[in-house]
Amino acid sequence: MYNIAIDGPAGAGKSTIAKLVAKKLNFIYVDTGSMYRSLAYACLREGVTQGEKEKVVEVCRRSKVELSYENGAQIVKLNGENVNPYIRTEEVSSMTSAIAVYSEVREVLLDLQRDMAKKCDLVMDGRDIGTNVLPNADVKVYLTASVETRAKRRYLEMKEKGVDISLAEIEKDIEERDYRDMHRDVAPLKQAEDAVYLDSSDMSIDEVVNAIIALVK
Ligand code: CDP
């Protein structure tokens, strides 16, 4: 199977880019962030707070996360329920990076992600795909952009959805999340040695997509 791993910080454009690359190659797109987000949502829904590690792990272990595809769009299911509409809030984003530091939580998803890569040609995005989940991926990309650019992109995305949040709040959230993701002990976000570094601050979506396609042999 042919596997493309795309890692990078929040708002770097990974999901937009990964989706387009997958479409062009007729590969499946796997958004691992949405899997972590579903687990965070499960915890929030049960009133478990991020510091209650035992409870967090217990909820995650008994939650069933599945990715399915309907009309070409990826749907993430939590215990059979489509939770796509609930997992993109700032509250869930913050809870996600808080529980993603626990190795027991990461283990719940690791085999699932590796299994998918064994069965399908895919583009998988996340934080630890090239470094940890798929160390033998055929193509690895570390996609980033300046904090200002990333916050602005997320701000426009939220505004389009009608969410009332300031650019400053988003910038703060992104910085906190990046710090936590890069400094955790288990599978921190970092560029894999053999990953191609792409800074998308001054690149169009098409330019980034084409740069990645050019790496595919
Ligand atoms: O879309 P955005 O970049 O804001 O976030 P995401 O890709 O949906 O990931 C949300 C959070 O999940 C990240 O901040 C990480 O804490 C965690 N995550 C992770 O630890 N490992 C992954 N492979 C993917 C996401």
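Order of appearance sets the numbers: ligands from 1, and atoms from 1 within every ligand.
A distance of 10.5 Å separates CG of Asn3 from CD1 of Ile129, quoted to the nearest 0.5 Å. Here CD of Glu46 is found 10.5 Å from CG of Leu44. Values are rounded to the nearest 0.5 Å. Atoms CG and CE, from Asp7 and Met124 in turn, are 10.5 Å apart once rounded to the nearest 0.5 Å.
Annotation: side chain of Ile170 is in contact with side chain of Met158 (closest heavy-atom distance under 4.5 Å). Counting heavy atoms from C-beta outward, Cys60 and Glu104 have side chains that stay 4.5 Å or more apart. Ser34 has its side chain within reach of Leu67: a pair of non-hydrogen atoms, C-beta onward, lies under 4.5 Å apart.
In Arg88, the part holding a heavy atom less than 4.0 Å from any atom of ligand 1 is the side chain. For Arg177, every heavy-atom contact with ligand 1 shorter than 4.0 Å involves the side chain, none the backbone. With a heavy-atom cut-off of 4.0 Å, Ala100 touches ligand 1 through its side chain alone. At a heavy-atom distance under 4.0 Å, no atom of Arg153 approaches ligand 1.
Contact analysis puts Arg106 in contact with ligand 1, with a non-hydrogen atom separation below 4.0 angstrom. At a 4.0 Å cut-off, not a single heavy atom of Ser93 sits close enough to ligand 1 to count as contact. In this structure, Arg154 has a heavy atom closer than 4.0 Å to ligand 1.
With Arg153 contributing its side chain and Ala12 its backbone, the two residues share a donor-acceptor pair below 3.5 Å.
In this structure, Phe27 and Tyr2 have tilted ring planes: the angle between them lies in the 30° to 60° band.
Here the shortest heavy-atom distance to atom 22 (C) of ligand 1, taken over Gln113, Arg127, Glu176, belongs to Arg127. Comparing Val133, Thr96, Ile174, Thr16 against atom 12 (O) of ligand 1, the shortest heavy-atom distance belongs to Thr96.
Taking every heavy atom of Gly11 and a limit of under 4.0 angstrom, the matching atoms of ligand 1 come to 3 (O). For ligand 1, the atoms sitting less than 4.0 Å from at least one non-hydrogen atom of Ser97 are 14 (O), 16 (O), numbered in the order shown with element in parentheses. Those atoms of ligand 1 with a heavy atom of Thr32 less than 4.0 angstrom away are 22 (C), 23 (N), 24 (C). Less than 4.0 angstrom separates some heavy atom of Arg37 from each of these atoms of ligand 1: 1 (O), 2 (P), 4 (O), 5 (O), 6 (P), 8 (O), 10 (C). The Lys14 neighbourhood of ligand 1 comprises atoms 3 (O), with distances under 4.0 Å to a heavy atom of that residue. Interface atoms of ligand 1 facing Asp181, defined by a heavy-atom separation under 4.0 Å, are 13 (C), 14 (O), 15 (C), 16 (O).
Of all the heavy atoms in Ser200 and Leu143, the pair that sits closest is CB-CD1, 4.1 Å. Closest of all the heavy-atom pairs between Val196 and Gln191 is C-NE2, 4.3 Å.
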side-chain hydrogen bond (donor to acceptor under 3.5 Å, both in side chains) assessment of Arg180 paired with Ser97: CA-CA 7 Å; Arg180 207 152 39 187; Ser97 79; 2.8 Å; yes
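Between Asp128 and ligand 1, a contact under 3.5 Å exists for at least one N or O pair. Annotation: Tyr36 places no N or O atom under 3.5 Å from an N or O atom of ligand 1; distance criterion only. Residue Asp125 places no N or O, backbone or side chain, under 3.5 Å from any N or O of ligand 1.
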